[in-house]
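Notes for the one structure printed next.
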Amino acid sequence: MAIPQGTPPRVLTIAGSDSGGGAGIQADLKTMLALGTHGMSVLTAVTAQNSLGVQGVWELPADAVRAQFRAVVDDIGVAAVKTGMLATAELVETVAALLGPLGVPVVVDPVGVSKHGDPLLATDALDAVRTRLLPVATVATPNLPEVAQLTGVTVRDEDDLRRAAEAVLAHGPRWALVKGGHLPGDATDLLTDGTTEHWLRAPRLDNRHTHGTGCTYASAIAARLAVGDEVPEAVAAAKEYVTGAIRAGFPLGAGIGPVHHGHALAPRPR
Ligand SMILES: Nc1ncnc2c1ncn2[C@@H]1O[C@H](COP(=O)(O)OP(=O)(O)O)[C@@H](O)[C@H]1O
Ligand SMILES: Cc1ncc(COP(=O)(O)O)c(N)n1
């Protein structure tokens with residue numbers, strides 16, 4: 001399909017809705033807009049969620065996920081995909097089966113639990129993530145609790161990050177990006193394809209309003225891949241974007257506020 005001039009790169013997120021607007025589909029679409037792309041969505045689940053936690057989760061039927069995906073891909077087309085909350089083993093398998101033949105870069109954020117510790121993935125879905133979803137990923141972006149769940153590797157320092165990334169790569173993604181955001185000290189992530197290593201370092205920002213960091217990072221990577229970056233360039237640009245978004249994160253509600261997706265777009269109104 002020829003893409004008319006002036007049409008922004010098209011990026012698809014397959015994820016859950018966060019009613020509070022800080023994570024999930026809402027974070028993904030804002031990030032995609034901020035990075036100059038056209039964001040589209042396949043909803044997997046609806047959460048009732050705010051700055052205090054997740055109060056309810058309702059999964060969509062697999063047929064609804066397949067229908068949304070076909071509606072987008074068959075007419076509009078996509079240049080890159082990001083996956084987030086997939087909720088159940090059936091949805092993980094459904095999404096993996098749709099992505100396998102797609103032939104565009106896929107960023108898999110293997111979302112397990114929210115920042116507040118609320119489960120966003122059934123524990124019996126971990127095996128499907130390992131055996132079905134990770135093999136179709138161009139980049140997999142687990143945080144440290146997710147790495148521990150998926151591979152059994154506990155990360156305490158930068159050497160452990162390397163071991164964790166190798167354990168993720170063993171499940172088949174082309175690149176592993178293990179995020180060290182949960183370690184003390186600098187916010188250091190390791191990106192590797194098994195032959196090259198890229199260390200992404202940013203100072204740890206003293207801001208508790210970090211709701212949605214992982215969703216934002218993975219969506220920014222997908223947006224940059226849709227623009228045409230290679231994986232290391234896409235991840236470096238996304239790290240810069242997410243660091244700026246954390247720096248500008250703001251209070252909202254009585255708990256943990258969101259990162260600021262529009263931090264690079266416009267000054268905040270006073
Ligand atoms: N306080 C912080 N200051 C700077 N960067 C951070 C901070 N917390 C997380 N990050 C970075 O944000 C990105 C998302 O990581 P993380 O928060 O671990 O993901 P998740 O939301 O999946 O738990 C990573 O690049 C991580 O290093
Ligand atoms: C729908 C949805 N998807 C993903 C997250 C993870 O985001 P975080 O780790 O910042 O809580 C979330 N809380 N809600």
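Each ligand, and each atom within it, is numbered from 1 in the order the structure gives.
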>> With a 4.5 Å cut-off on side-chain heavy atoms, are Leu102 and Val78 touching?
In response: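 Answer yes - side chains close enough.
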> Should Leu99 and Thr83 count as side-chain neighbours, where that means a heavy-atom distance under 4.5 Å?
Replying inline: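 Side-chain contact under 4.5 Å: yes.
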>> I'd like to know whether Thr213 forms a side chain to side chain donor-acceptor pair (under 3.5 Å) with Lys115, so could you lay out the CA-CA distance, the side-chain angles of the two residues, the decisive distance to 0.1 Å, and finally the verdict.
In response: CA-CA 10 Å; Thr213 45; Lys115 284 258 151 53; 2.8 Å; yes
>> Working to the nearest 0.5 angstrom, can you tell me the gap between Asp109 CG and Cys215 SG?
In response: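 Taking CG in Asp109 and SG in Cys215, the distance rounds to 6.0 Å.
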> When rounded to the nearest 0.5 angstrom, what distance separates OG1 in Thr94 from CG in Leu60?
Replying inline: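 Reported to 0.5 Å precision, the distance equals 11.5 Å.
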Going by the order shown, which atoms of ligand 2 are within less than 4.0 Å of some heavy atom of [X]?
| X | value |
| --- | --- |
| His211 | 10 (O), 11 (O), 13 (N) |
| Lys115 | 8 (P), 9 (O), 10 (O), 11 (O) |
| Gly24 | 1 (C), 2 (C), 3 (N) |
| Ser17 | 1 (C) |

> Is there a side chain to side chain donor-acceptor pair (under 3.5 Å) between Thr216 and His261 once you walk through the steps?
Replying inline: CA-CA 8 Å; Thr216 301; His261 297 100; 2.8 Å; yes
To check your reading of the model: name the closest protein heavy atom to [atom], its residue, and the distance in Å.
| atom | answer |
| --- | --- |
| atom 13 (N) of ligand 2 | Gln49 OE1, 2.7 Å |
| atom 7 (O) of ligand 2 | Ala23 CB, 3.6 Å |
| atom 5 (C) of ligand 2 | Leu120 CD1, 3.6 Å |
| atom 10 (O) of ligand 2 | Gly212 N, 2.6 Å |
| atom 4 (C) of ligand 2 | Cys215 SG, 3.6 Å |

Please work out, at 4.0 Å between heavy atoms, whether the side chain, the backbone, both, or neither of [X] comes within that distance of ligand 2.
| X | result |
| --- | --- |
| Ser114 | both |
| His116 | neither |
| Val54 | neither |

> Do the charged groups of Asp28 and Lys82 touch, with an N to O distance under 4.0 Å?
Replying inline: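 So Asp28 pairs with Lys82 through a salt bridge.
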Can you tell me if [X] and [Y] form a side-chain donor-acceptor pair at under 3.5 Å?
| X | Y | value |
| --- | --- | --- |
| Ser114 | Gln49 | no |
| His198 | Asp189 | no |
| Asp186 | Thr188 | no |

> Taking only residues two or more places apart in sequence or in another chain, which ones pass ring pair (Phe, Tyr, Trp, His ring centres under 6.0 Å) with His171?
Replying inline: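 So His171 forms no ring pair (Phe, Tyr, Trp, His ring centres under 6.0 Å) with any residue.
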> According to the interplanar angle, ranging from 0 to 90°, do the rings of His263 and Tyr241 count as parallel (below 30°), tilted (30 to 60°) or perpendicular (above 60°)?
Replying inline: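 Answer is tilted, since the angle falls between 30° and 60°.
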> What residues sit with at least one heavy atom under 4.0 Å from ligand 1?
Replying inline: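 Its neighbours under 4.0 Å (heavy atoms only) are Lys115, Asn143, Lys179, Gly181, His182, Ala187, Asp189, Pro203, Arg204, Leu205, Thr213, Gly214, Tyr217, Lys239, Ile246, given by chain and number.
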> At a 4.0 Å cut-off, with the gap strictly under it, does some heavy atom of Gly214 reach an atom of ligand 2?
Replying inline: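 No, Gly214 has no heavy atoms under 4.0 Å from ligand 2.
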